Amino acid sequence: MKFELTETQQMVQGAARDFATRVIQPQAAAIDKEGRFPFDVIQGLAELGLLAVNVPDELGGAGAGVVSYSLAMQEIARACASTAVTMAVTNMVGEVIAHFGSDAQKKAYCPRLASGELVAGAFGLSEPGAGSDPGAMSTTATKDGDAWVLDGAKQWITSGAHAGVMVVWARTGAKDTHPGTRGISCFLVEKGTPGLKVGKAEDKMGIRGSNTVPLVFDGCRVPASALLGELHGGFKIAMMALDGGRIGISSQAIGIARAAVEEAKRYALDRKAFDKPIAEFQAIQWKLADMQTELDAATLLALRAAWLKENGRVFSKEASMAKLFSTEAAVRICNQAVQILGGYGYIREFPVERFLRDVRVTTIYEGTSEVQRIVIARSVLAG
Ligand code: COS
């Protein structure tokens with residue numbers, strides 16, 4: 001077994017680290033404080049190929065694979081979790097279109113997502129009354145001549161106000177004829193389509209530089225060519241996309257936690273109490289030891305899931321395990337970092353306060369920890 005990264009993976013990791021350190025990190029606190037969507041930073045990611053890391057190069061992507069994607073996400077999240085989630089969802093949307101789209105759809109959207117022309121991609125699955133159970137969605141798409149008409153509401157849509165294109169799921173088959181998840185289809189909806197209304201941005205605890213909005217579809221007409229994949233086959237597209245998306249969020253949590261460990265270590269070596277650096281107290285050393293061990297375990301789980309996906313293996317359970325463990329570990333790690341910094345950990349002058357607020361959502365979005373346990377348990381019991 002080899003633990004070394006390939007040349008491509010090292011290159012992507014290095015480029016992401018350099019950009020994150022030089023450009024993103026210096027403005028991360030301001031992005032958070034001002035709740036500013038960093039358009040310029042997102043464009044910078046596009047120029048480095050980081051908005052479409054695992055999208056084939058013939059479609060404008062970097063074609064660098066899933067491991068590279070995870071490594072890049074870790075680096076960007078280490079600097080700014082808000083930027084990282086925008087990057088994650090855009091990558092996910094690009095991959096979904098590259099995988100399930102018709103030739104025309106791939107050509108129309110993938111290169112423009114990768115280049116930043118569309119700013120970002122958005123993923124419209126959750127609804128006000130259907131989050132963990134998307135099969136219960138009530139948004140509908142009704143055929144009208146040569147068009148589909150979408151009606152309903154979506155909730156918690158990352159980049160929903162800025163995304164040039166969004167994938168949206170809607171019920172196309174009635175519940176009695178298409179029970180459960182069987183009557184759901186997937187559509188590509190462009191920004192500014194009449195009938196698509198963007199609601200007020202959420203005032204969030206963390207990732208305040210990302211855009212999270214509710215969407216309302218009120219007689220929103222899209223052409224027949226906007227159907228992505230098979231009619232009534234949309235639920236599986238969502239599940240497959242989320243399997244990959246969970247590697248992204250796992251990587252995001254790892255990046256935030258890595259920044260927290262670094263900050264806690266720096267502080268522990270510098271801060272003196274009882275006439276010596278607090279790093280010399282076993283109470284602090286054991287915290288740092290546990291934090292680093294959990295961080296490494298999380299990283300290995302994420303990279304295993306990424307490697308499996310990259311090599312065409314089944315990876316659903318492993319992606320859920322990576323997401324479950326790394327996001328929960330990252331919350332613990334950031335919490336301990338605040339504890340090590342004491343009072344300074346609780347004020348905005350030091351970044352660990354932001355890390356703890358930012359990391360909290362990672363156990364919730366792209367499937368809660370509870371949903372990950374459902375996926376893992378089903379696989380364990382079936383296997
Ligand atoms: N890949 C491919 N197909 C999958 C799949 C996967 N990972 N998971 C499920 N499917 C298929 C099943 O095989 C089944 O197909 P058939 O109808 O042909 O039998 C269909 O999808 C329905 O699957 P299932 O019965 O398991 O669906 P459930 O309604 O029980 O849902 C969970 C399962 C809970 C795992 C799913 O609803 C889920 O992931 N929920 C969380 C959603 C989420 O992450 N939301 C966050 C949105 S982004 S912020």
Side-chain angles (χ1 to χ4, degrees), residues 81-82 84-93 95-96 99-100 120-139 153-160 163 166-173 175 177-186 202 204 206-207 210-215 228-250 252-253 305 308-309 312-324 327 360-383:
S82 297
V85 73
T86 308
M87 169 178 159
V89 178
T90 304
N91 271 274
M92 178 160 70
V93 169
E95 280 193 42
V96 168
H99 195 87
F100 295 100
F123 194 84
L125 180 68
S126 297
E127 298 190 353
S132 288
D133 181 15
M137 71 176 61
S138 53
T139 296
K154 295 287 170 183
Q155 185 89 5
W156 319 123
I157 308 305
T158 301
S159 303
M166 51 187 81
V167 269
V168 177
W169 281 263
R171 189 163 283 288
T172 42
K175 282 187 179 156
T177 52
H178 296 82
T181 61
R182 300 249 161 83
I184 291 171
S185 301
C186 185
E202 303 294 350
K204 306 189 293 285
I207 54 163
S210 71
N211 171 258
T212 312
V213 290
L215 300 173
L228 182 79
E230 285 175 23
L231 183 63
H232 308 318
F235 192 78
K236 283 187 190 171
I237 296 179
M239 290 299 109
M240 289 170 78
L242 284 170
D243 283 344
R246 288 165 186 163
I247 297 174
I249 299 308
S250 167
Q252 181 197 25
L308 288 170
K309 181 181 169 198
R313 314 277 181 95
V314 173
F315 69 96
S316 178
K317 176 188 71 181
E318 288 78 6
S320 283
M321 288 165 77
K323 168 136 191 326
L324 171 63
T327 59
R360 188 60 188 84
V361 73
T362 63
T363 67
I364 299 171
Y365 61 19
E366 305 240 352
T368 60
S369 290
E370 292 71 21
V371 161
Q372 308 313 323
R373 288 186 175 97
I374 293 175
V375 174
I376 297 163
R378 282 183 181 178
S379 172
V380 169
L381 291 169

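In what follows, every heavy atom counts, from backbone to side chain, and hydrogens, waters and symmetry copies are set aside. We count ligands from 1, going down the list as the structure has it; atoms in each ligand are counted the same way. Predicted model only: the values in this text are computed from it and were never measured.
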Chemist: Nearest 0.5 Å please: distance from the CZ atom of Phe315 over to the CZ atom of Arg246.
Modeler: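 So the gap between those two atoms works out to 10.0 Å.
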Chemist: Where is the nearest protein heavy atom to atom 49 (S) of ligand 1: which residue, which atom, and how far?
Modeler: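 Looking only at protein heavy atoms, the one closest to atom 49 (S) of ligand 1 is Glu366 N, 3.5 Å.
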Chemist: To check your reading of the model: name the closest protein heavy atom to atom 25 (O) of ligand 1, its residue, and the distance in Å.
Modeler: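 For atom 25 (O) of ligand 1, the nearest protein heavy atom comes out as Arg378 NH1, 4.4 Å.
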Chemist: Let me confirm one number: the CH2-CD1 distance from Trp169 to Ile184, rounded to the nearest 0.5 Å.
Modeler: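 Spacing of CH2 (Trp169) from CD1 (Ile184) equals 10.5 Å.
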Chemist: Just which atoms of ligand 1 are under 4.0 Å from any heavy atom in Ser316?
Modeler: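 Listed by number with element: 7 (N).
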Chemist: How far is atom 18 (O) of ligand 1 from its nearest protein heavy atom, and which residue and atom name does that atom have?
Modeler: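 Going by distance alone, atom 18 (O) of ligand 1 is nearest to Lys236 NZ, 2.9 Å.
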Chemist: Looking at atom 5 (C) of ligand 1, what's its closest protein heavy atom, distance included?
Modeler: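 Atom 5 (C) of ligand 1 sits closest to the protein heavy atom Met239 CB, 3.4 Å.
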Chemist: Out of curiosity, Leu308 CG to Ile247 CD1, how far, rounded to the nearest 0.5 Å?
Modeler: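 One finds 8.0 Å between CG of Leu308 and CD1 of Ile247.
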Chemist: Within a distance under 4.0 Å of any heavy atom of Met240, pick out the atoms of ligand 1 and give their elements.
Modeler: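 Those atoms are 1 (N), 2 (C).
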Chemist: Going by the order shown, which atoms of ligand 1 are within less than 4.0 Å of some heavy atom of Asp243?
Modeler: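 Answer for ligand 1: 1 (N), 6 (C), 7 (N).
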Chemist: Is there a donor-acceptor pair closer than 3.5 Å between any side-chain N or O of Ser185 and the backbone N or O of His232?
Modeler: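 Yes; judged by distance alone, with no hydrogens or angles, the pair exists.
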Chemist: Short question: side chain of Lys323, backbone of Thr368 - any donor-acceptor pair under 3.5 Å?
Modeler: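 The answer is no, because no donor-acceptor pair under 3.5 Å joins these two groups.
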Chemist: Answer yes or no: is there a donor N or O on one side and an acceptor on the other, between the side chain of Gln372 and the main chain of Gly367, under 3.5 Å?
Modeler: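 Side chain of Gln372 to backbone of Gly367: a pair is present.
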Chemist: Going by the order shown, which atoms of ligand 1 are within less than 4.0 Å of some heavy atom of Val375?
Modeler: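 Listed by number with element: 35 (C).
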Chemist: Who's the nearest protein heavy-atom neighbour of atom 19 (O) of ligand 1, and how far?
Modeler: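 Result for atom 19 (O) of ligand 1: Arg182 NH2, 3.4 Å.
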Chemist: For atom 32 (C) of ligand 1, is the nearest protein heavy atom under 4.0 Å away?
Modeler: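 No, because not a single protein heavy atom sits under 4.0 Å from atom 32 (C) of ligand 1.
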Chemist: Could you find the nearest protein heavy atom to atom 44 (O) of ligand 1 and give me its residue, atom name and distance?
Modeler: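 The answer is Arg246 NH2, 2.8 Å.
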Chemist: What protein heavy atom sits nearest atom 43 (C) of ligand 1, and how far away is it?
Modeler: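 I find the closest protein heavy atom is Leu242 CD1, 3.6 Å.
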Chemist: Counting both backbone and side chain atoms, is some N or O of Ser132 under 3.5 Å from an N or O of ligand 1?
Modeler: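 Right, the criterion is met.
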Chemist: Would you check whether Gly367 has a nitrogen or oxygen atom less than 3.5 angstrom from a nitrogen or oxygen atom of ligand 1?
Modeler: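 By distance alone, the answer is yes.
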Chemist: Could I get the full list of salt bridge (Lys or Arg N to Asp or Glu O under 4.0 Å) partners for Glu318, not counting sequence neighbours?
Modeler: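 By the salt bridge (Lys or Arg N to Asp or Glu O under 4.0 Å) rule, Glu318 matches no residue at all.
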Chemist: Within ligand 1, which atoms have a heavy atom of Pro134 less than 4.0 Å away?
Modeler: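 Counting atoms of ligand 1 from 1, those under 4.0 Å from Pro134 are 37 (O), 40 (N), 42 (C).
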Chemist: Quick check for you: to the nearest 0.5 Å, what is the distance between Lys317 atom NZ and Arg378 atom CZ?
Modeler: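 Lys317 atom NZ to Arg378 atom CZ measures 15.0 Å (nearest 0.5 Å).
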Chemist: Show the atoms of ligand 1 that are less than 4.0 angstrom away from any heavy atom in Gly131.
Modeler: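 Answer, ordered by atom number: 42 (C), 45 (N).
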Chemist: Is the closest side-chain heavy-atom distance between Thr327 and Glu366 below 4.5 Å?
Modeler: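 No, every pair of side-chain atoms sits at 4.5 Å or beyond.
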Chemist: When you measure from the heavy atoms of Phe235 to every atom of ligand 1, does any distance fall below 4.0 Å?
Modeler: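 Phe235 counts as a contact of ligand 1 under the 4.0 Å cut-off.
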Chemist: Quick one: do Met239 and Asp243 satisfy side-chain contact (heavy atoms from CB on, under 4.5 Å)? Show the steps, please.
Modeler: CA-CA 6 Å; Met239 290 299 109; Asp243 283 344; 5.5 Å; no
Chemist: Salt bridge (Lys or Arg N to Asp or Glu O under 4.0 Å) with Arg373: which residues, sequence neighbours excluded?
Modeler: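 So Arg373 forms a salt bridge (Lys or Arg N to Asp or Glu O under 4.0 Å) with Glu328.
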Chemist: Test your reading of the model: is there a side-chain donor-acceptor pair from Thr90 to the backbone of Gly121, 3.5 Å cut-off?
Modeler: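 Yes; judged by distance alone, with no hydrogens or angles, the pair exists.
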Chemist: Taking only heavy atoms of Thr181, which atoms of ligand 1 are found under 4.0 Å from at least one of them?
Modeler: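 It comes down to these atoms of ligand 1: 20 (C), 22 (C), 29 (O).
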Chemist: List ligand 1 atoms under 4.0 Å from Ser126, heavy atoms only on the residue side.
Modeler: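 Listed by number with element, the hits are 47 (C).
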